[in-house]
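What follows is a single structure, written as structure tokens, with notes after it.
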Amino acid sequence: QKGISDILDAEASSLTVSFSSPNKNNAATAMGYSLKKDPSVEYCMEAMDSFNFLPNEVEPTNWMLNQCRMSGGASGGPWIQPMNAATGSGTV
């Protein structure tokens with residue numbers, strides 16, 4: 001029964017992993033455990049954006065969620081795109 005187990009995989013299914021480039025301007029959900037709000041999970045969802053460090057780069061090399069203001073320590077968590085909030089499924 002959902003909601004009574006202390007075992008993570010009994011409560012949540014796994015997510016698909018992809019190593020292809022994300023879809024710019026499509027919504028992405030970022031998740032992470034912040035130091036400030038430990039052990040709470042922080043998350044945000046917004047359109048993904050990109051930028052280049054060098055002016056001659058043709059393809060985007062750095063991806064960001066520009067307005068996402070999660071607190072310190074939350075970085076390093078998964079970015080899920082697309083995310084199905086109803087089922088909790090998506091691709092990391």
Side-chain angles (χ1 to χ4, degrees):
Q1 182 178 12
K2 294 272 186 191
I4 61 170
S5 174
D6 289 335
I7 302 171
L8 180 61
D9 64 357
E11 297 297 325
S13 59
S14 60
L15 299 173
T16 302
V17 175
S18 173
F19 293 97
S20 60
S21 294
N23 295 315
K24 184 178 177 182
N25 298 321
N26 286 357
T29 302
M31 301 176 74
Y33 291 98
S34 74
L35 180 61
K36 184 178 179 180
K37 297 182 180 180
D38 185 38
S40 297
V41 174
E42 289 190 316
Y43 67 94
C44 74
M45 183 177 78
E46 68 179 67
M48 183 157 303
D49 201 356
S50 64
F51 67 95
N52 295 333
F53 280 118
L54 303 174
N56 62 344
E57 293 176 315
V58 177
E59 294 294 321
T61 57
N62 299 282
W63 300 96
M64 65 182 170
L65 300 175
N66 200 31
Q67 301 302 313
C68 197
R69 301 287 184 238
M70 297 191 319
S71 60
S75 62
W79 288 25
I80 305 163
Q81 186 188 49
M83 173 79 173
N84 182 330
T87 63
S89 62
T91 301
V92 176

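Considering all non-hydrogen atoms of both residues, Ala30 and Leu65 come closest at CB-CD1, 3.5 Å.
In the hydrophobic clustering of this structure, Met45 does not group with Met48; members are Ile, Leu, Val, Met, Phe, Trp, Tyr whose side-chain heavy atoms approach within less than 4.5 Å, directly or through other members.
With Glu46 contributing its side chain and Asn66 its backbone, the two residues share a donor-acceptor pair below 3.5 Å.
One finds the CH2 atom of Trp79 at 7.5 Å from the SG atom of Cys68 (value rounded to the nearest 0.5 Å). From Thr29, atom OG1 reaches atom OH of Tyr43 across 9.0 Å, with rounding to the nearest 0.5 Å.
Here the side chains of Ile80 and Leu15 are in contact, with some heavy-atom distance below 4.5 Å. The shortest side-chain heavy-atom distance between Gln81 and Asn23 falls under the 4.5 Å cut-off.
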- Query: Can Ser18 and Val92 be said to form a side chain to side chain contact (heavy atoms under 4.5 Å, CB included), step by step?
  - Reply: CA-CA 6 Å; Ser18 173; Val92 176; over 6 Å; no
